[in-house]
Amino acid sequence: MKASVIVFPGSNCDRDAAVALEAALGKAPTMVWHGDAELPQSDLIVLPGGFSYGDYLRSGAMAAHSPVMREVVARAKAGTPVLGICNGFQVLTESGLLPGVLMRNASLRFICKDVMLKVERNDTLFARHYAEGEVVRIPIAHKDGAYFADEDTLDRLEGENRVASVIARRAARRRRQNPNGSRRNIAGIYNETGTVLGLMPHPERLADAALSGTDGAKMFTSLVETLH
Amino acid sequence: MSGAAGAARKAQGLSDELIAEHGLSPEEYTLLLKELGREPSLTELGIFSVMWSEHCSYKSSRVWLKRLPTTGPQVIMGPGENAGVVDLGDGQAAVFKMESHNHPSTSSPIRGPATGVGGIMRDVFTMGARPVANMNALRFGSAEHAKTRHLVAGVVSGIGDYGNCMGVPTVGGETNFDARYNDNILVNAMCVGLVDANRIFTSAAKGVGLPVVYVGSKTGRDGIHGATMASAEFDEASEEKRPTVQVATPSTEKLLLEACLELMAEDAIVGIQDMGAAGLTSSSVEMADKGGRRIELDLDHVPMREDGMTAYEMLLSESQERMLMVLKPGAEPIAQRIFEKWALDFAVIGHTTDTGHMVVRHNGVVEADIPLPALAHAAPIYERPWVTRPKLPMIAPEDVTAPDSILGALECLMGSPHLASRRWIYEQYDHMVMADTVQRPGGDAAVVRVHGTRKGLAISCDVTPRYCAADPQEGAKQAIAECWRNLTATGAVPLAITDCMNFGNPQRPEIMGEFVGAVEGMREACTALDFPVVSGNVSLYNETMGGAIPPTPAIGGVGLIADIADMATVALKQDGDLLLLLGAEAGHLGQSTYMQVMMDRLEGAPPPVDLGAERRTGDMVRALIKAGAVSSVHDVSDGGVLVAIAEMALAGDRGVALEPAAGGLPAHASWFGEDQARYVVAASPGKADAIHKAAAVAEVPVRVLGTVGGDAIALHGETPLPLLALKTAHEDWLPRFMAHG
């Protein structure tokens, strides 16, 4: 399996994604500079977290128009799996590969903390090592993480089983704590074919036993096993 | 003032007012004339003004700072470079420094802290190190003060926005609320980086005829005279100085970081220096002077953000995210390629010479021609008069009123502004990016893994301002001791510190006396604990209309854990574990948080620091951690033993059943006394013997405090305090305060 991690000016979780991929894959992914119109043959493309171009316009809006994204969009449409984490998710919505938009958190503040997520489906190449409905602990770190789409789109996403994960209740009887004001508690969504995943939480940050949790690791092992 | 100087000045049109506005005293101006041998041009006056400012020259503090220990087998580079460097073994080194951005943060509570964070990170990556952790030490006015909420919100968002965008985790820090900071808040930022010990870059520009290269952002009018502002007290007119605060663009700094590290991997750089305080002036003087060579700059080539700037403005601008470097001959193309790849400005703006002078041209005119030693070494050094103030009396525990209930007092303390959880702050900082944060904010020290290894760097920022205000020397000693203890409590071997010395106006003898006392306390503690100072910063004139801040020598310490598998944390982990107090109890309540919260006053001497006991107890605790004898460890500081226990309980979500307090002391003195050199540890009962034996050898007293278990803090004779109630008190104060209380 060959994985590519796209590096935009201002990406800052590119190394973290590469480390998590390498741990699962046994070899390092290719780091691809955003200015390169050439994208190597890839079985998986990762758009990492960070602040591409400083995110001054709208998060991800500038990166969506960088040279490499034309090729990423073409490959995604041809079926190459694409994983966008945090700023990567924002780039995916801005480039039209996923519907909706990521808005400023309801608190208007940056939030970095672990959240409990419910894995809504496990029949995708990203999630096969999770159980359906499994509740996992994954950190978030964003200022613009409130997923928004119109009601029809939200209904369609839910109806087509394209919601990847939602903020879960911490315990059965406790109130759900939506940290950012996401519509319908959405933390991640798929495209129609389930091959493009946008996710606000950072699975690569809890994919190592030394880091107080490994719930994120299963995403990378799922990918490696599926795409082998 | 001499008549001759006055006459010549008139010829140049430099009025007394203009000279005074540049922060130069009449005596200093006379010295300037002697060094230069003639009248300065306005541009030259500006250059001297910043280079001889307190901020750049350390003219009031230098004679005292020399007394601090700065060496040790672990020290690779001590003070004098952009940051200090310590050895981590295996060819790796940690580069770190703390710096103040107090004056800008008081003027502009978002941009001030942001540019402070940007500046300290540049200091670290200028040396070739990748920043891996940030911390900050913040002092705000009292929670009741009208501006405090607004300042907290601004400072935290400014720090967060910068560090978050850089992708460098902000892993912790400390925050105080105290009315004595109402008009002068303190923002001290620390950065720690990692570098290969044989790839450290310095500013020395050795060689003649080498290209001097400007990279990074363009130059604008922001921050002109920031260093001079940071060397004066605030008055009503300071509100008008707002334009001197620089603009922060963290996304550019991220590019600058990556571009610099990419170029540093090539064999291209002779010397490199970031443009911080006093911008192009101080960076070029620094490089030329350290290299023993001189420098010639042509300002026509400086990348500009706005038109029509004069040489004066260009030399004094503190526009951020800029670097100056001297390249090897012929290295310009590779450097240019890398900086253009990262979409940053790149310009050759001069070359090194052997003329002995700093020569600056603009539009074909020589704007400045100054012998370098006059700028770098001729700044006046002051041994300012100082007085020590009388020691405050020790307060006997019996003389401090007991609370109605111990656990009720605990709940009050844990929910007070002084001890309430700082979660609202640290959750706005990305503290996990880089995926090496193995101990997150909230413990004794944060720990980041040395990437790709099993080693961990423990980092902690500490000072207790109320102790320093009561006794600067003992308080400074305590700051060093607490930092050393916090690192030790994670299992780390403390290596070295950086300091950020925040004081009032040094021209007042009582303030200078505070400074002298603090340096002496630091000297004693650093020496006794083998904990040298490798970098630091002095911020004076933190006063508004005659009201000075408490002396605040903030200490940032770094320690090394050989294997993070051996790291200790504060969280209780196992029901049935014994809780033990290691260290002697005297029930010291003078200047305690108990007194502050329960009695609304602060009196008496702060707790004395026995450095021998610190050393013995800490070395023993570290050995117990390494041997796996303890399951959790917490140092005892603000609020005393019971607060330490409560924090361990909350972190582990486990209750405790406590034994009665120590015999011979009033219960509240035993539970809330702030005696130093103490730790609370939890251990399985099977390890108790080993701990008692080790303590006997080290001559450290041990007391069994209780047993881990249940979902409350239980104390004989009192209604148990449920963890949920304790947690609510502890977690709710800051969010409630920030949401308009």
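Here is the naming used below: chain letters follow the sequence lines, and residue numbers restart at 1 for every chain.
- In summary, B/Asp653 and B/Lys727 do not engage in a salt bridge, as defined by a charged side-chain N under 4.0 Å from a carboxylate O.
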Q. Step by step, would you call A/Tyr56 with B/Ser251 a side chain to side chain contact (heavy atoms under 4.5 Å, CB included)?
A. CA-CA 9 Å; A/Tyr56 290 111; B/Ser251 56; 2.9 Å; yes
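- The residues B/Asp222 and B/Arg111 are annotated as not salt-bridged, no charged nitrogen and carboxylate oxygen being separated by less than 4.0 angstrom.
- Of the listed residues (B/Met434, B/Met166, B/Arg423, B/Lys254), the greatest number of heavy-atom pairs within a distance under 4.5 Å of chain A belongs to B/Met434.
- Both the backbone and the side chain of B/Asp436 come within contact range of chain A, with heavy atoms under 4.5 Å apart.
- Comment: B/Arg337 does not engage B/Glu262 in a salt bridge, judged by the lack of any side-chain N to carboxylate O separation of less than 4.0 angstrom.
- Residues forming a side chain to side chain contact (heavy atoms under 4.5 Å, CB included) with A/Cys86 (at least two apart in sequence, or on another chain): A/His142, A/Met200, A/His202.
- A/Ser107 and A/Asn105 share no donor-acceptor pair across their side chains, judged by distance under 3.5 Å alone.
- In this structure, the side chain of A/Lys113 does not engage the main chain of A/Ile111 through any donor-acceptor pair within 3.5 Å.
- In this structure, the side chain of B/Arg422 engages the main chain of B/Ala420 through a donor-acceptor pair within 3.5 Å.
- Residues B/Asp161 and A/Arg109 are not paired through a salt bridge, judged by the lack of any N-O separation under 4.0 Å between the basic side chain and the carboxylate.
- Scanning residues 10-22 of chain A against chain B with a 4.5 Å non-hydrogen threshold yields A/Gly10, A/Ser11, A/Asn12, A/Cys13, A/Arg15, A/Asp16, A/Val19, sorted by number.
- In this structure, no portion of B/Thr252 lies under 4.5 Å from any heavy atom of chain A.
- A donor-acceptor pair under 3.5 Å links the side-chain atoms of B/Asn164 to the main chain of B/Gly160, judged by distance alone.
- A cation-pi arrangement is present between B/Arg149 and B/Phe737 under the rule of less than 6.0 angstrom and at most 45 degrees off the ring axis.
- For A/His228 (side chain) and A/Thr226 (main-chain N/O), no donor-acceptor pair under 3.5 Å exists by modelled atom type.
- At a heavy-atom cut-off of under 4.5 Å, chain B is reached by A/Asp208, A/Ala210, A/Leu211, A/Ser212 from residues 208-221 of chain A, listed in order of number.
- With B/Asp90 contributing its side chain and B/Gln92 its backbone, the two residues share no donor-acceptor pair below 3.5 Å.
- At a heavy-atom separation below 4.5 angstrom, chain A is approached by B/Arg449, B/His451 within residues 449-457 of chain B.
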